[in-house]
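Worksheet for the structure shown next.
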Amino acid sequence: MLIPHDTRIALDTVVDLVNTAPESEPPRDDPADGLPDVAALYAFAERHHISGVGALGARDLTAVRDVRARFAEVFAARDPRTAADLVNRLVAAAGTTPQLTDHDGYDWHVHYFAPDASIADHLAADCGMALAFIIVAGEQERLRRCEAPDCGHAFVDLSRNRSRRYCSSRTCGNRLHVAAYRARRKEAAG
């Protein structure tokens, strides 16, 4: 599956955004929100090089959390039609204004948000369109949640054969493989 650079960046951003939600944390009594305050929202915007972010406030934080929840619904969608409906509503609410741009040393690419868009509309438009491209390509099943019982993080499976099961093979995948190996050894010894 060929994914343009800007679409890949938007997919990485939406995955990271969804994974800031408390419900994406391992089960525990008080899951933490990865976007607890405006300072965390600024840090998120900086980490993902979100252009045109001006002054942010509590209203922006609430709006981004709402967009995050709607993106989580896309990852949970059972079929492409449901996912498409969710993405359509997100992108339409963001008031998309596609524009070609070549800023900050990047080649020509498309921004889907209006130049004066809020950070929530920016994320809804750009990340929503990245998810739309996945759905249009008939690849909605690549939008997944980690199968590790104590995880649940979102990820986009870009493996050739769509076989990725864990958000990270280094952490979740390795941990489960080691546990399975130890269980087999214990069973064989006992």
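These figures come from a predicted structure and were not determined experimentally.
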(request) Give a yes or no on whether the backbone of Ala58 and the side-chain of Thr62 come within a donor-acceptor separation of less than 3.5 Å. (result) yes
(request) Report yes or no: do Val18 and Phe155 belong to one cluster of Ile/Leu/Val/Met/Phe/Trp/Tyr joined by side chain heavy-atom distances under 4.5 Å? (result) no
(request) Compare every heavy atom of Cys172 with every heavy atom of Tyr166, then report the nearest pair and how far apart it is. (result) CB-CB, 4.0 Å
(request) Spell out, yes or no, whether Val136 and Val74 are grouped together once hydrophobic residues are joined by side-chain heavy atoms under 4.5 Å, including indirect joins. (result) no
(request) Starting from the C-alpha separation in whole Å, work towards a yes-or-no answer on side-chain contact (heavy atoms from CB on, under 4.5 Å) for Cys127 and Leu17. (result) CA-CA 10 Å; Cys127 295; Leu17 179 62; 6.0 Å; no
(message) Taking Leu56's backbone N and O only, do any of them form a donor-acceptor pair with Tyr42's side chain (distance below 3.5 Å, no angle check)?
(response) yes
(message) I'd like to know if the side chain of Gln140 reaches the main chain of Phe75, judged simply by a donor and an acceptor atom lying under 3.5 Å from each other, with no hydrogens or angles considered.
(response) no
(request) Determine the minimum heavy-atom distance between Asn161 and Ser163, stating which atoms define it. (result) OD1-OG, 2.6 Å
(message) Determine whether His48 and Asp16 satisfy the following criterion, side chain to side chain donor-acceptor pair (under 3.5 Å), listing intermediate values before the conclusion.
(response) CA-CA 9 Å; His48 290 283; Asp16 195 27; 2.4 Å; yes
(request) Examine Ile9 and Ile50 and state if one hydrophobic cluster contains both, with Ile, Leu, Val, Met, Phe, Trp and Tyr joined whenever side-chain heavy atoms are less than 4.5 Å apart. (result) no
(message) For Asp12, give me all partners under side-chain hydrogen bond (donor to acceptor under 3.5 Å, both in side chains), at least two apart in sequence or on another chain.
(response) Arg8
(request) Report the C-alpha separation of Leu61 and Arg65 in whole Å, then their side-chain angles, then the decisive distance to 0.1 Å, and conclude whether the side-chain contact (heavy atoms from CB on, under 4.5 Å) test is met. (result) CA-CA 6 Å; Leu61 180 61; Arg65 286 177 175 166; 3.8 Å; yes
(request) Tell me, with the steps shown, if Leu11 and Leu131 meet side-chain contact (heavy atoms from CB on, under 4.5 Å). (result) CA-CA 7 Å; Leu11 289 172; Leu131 293 173; 4.0 Å; yes
(message) Which residue is it: Arg162, Arg164, Arg144? I am looking for the one with a side chain to side chain donor-acceptor pair (under 3.5 Å) to Asp157.
(response) Arg144
(message) Using only atom types and a distance under 3.5 Å, with no angle test, would you say the side chain of Asn19 pairs donor to acceptor with the backbone of Ala154?
(response) yes
(message) For Ala114 versus Thr97, what's the shortest heavy-atom pair and its separation?
(response) CB-OG1, 3.7 Å
(message) Please verify the inter-ring angle class for Phe113 with His122; under 30° counts as parallel, over 60° as perpendicular, anything in between as tilted.
(response) parallel
(message) I need the minimum non-hydrogen distance between Ala84 and Ile135, along with the two atoms involved.
(response) N-CD1, 3.9 Å
(request) Would you confirm whether Asp126, through its side chain, and Leu123, through its main-chain N or O, come within 3.5 Å as a donor-acceptor pair? (result) no
(request) Not counting sequence neighbours, which residues clear side-chain hydrogen bond (donor to acceptor under 3.5 Å, both in side chains) with Arg89? List them please. (result) Asp85
(request) For Ala124 and Phe71, work out which heavy atoms get closest and say how close. (result) CA-CZ, 3.9 Å
(message) Can you pull out every side chain to side chain donor-acceptor pair (under 3.5 Å) where at least one residue sits in residues 72-82? Sequence neighbours excluded, please.
(response) Asp79-Thr82
(request) Start with the C-alpha gap between Glu141 and Ile134, add the side-chain angles, then the distance that decides, and say whether side-chain contact (heavy atoms from CB on, under 4.5 Å) holds. (result) CA-CA 9 Å; Glu141 72 277 1; Ile134 295 292; over 6 Å; no
(request) Could you tell me which non-hydrogen atom of Arg68 sits nearest to which non-hydrogen atom of Pro22, and how far apart they are? (result) NH2-CD, 3.9 Å
(request) Identify whether Val110 and Leu90 are in the same connected component of the hydrophobic contact network (ILVMFWY, side-chain heavy atoms under 4.5 Å). (result) yes
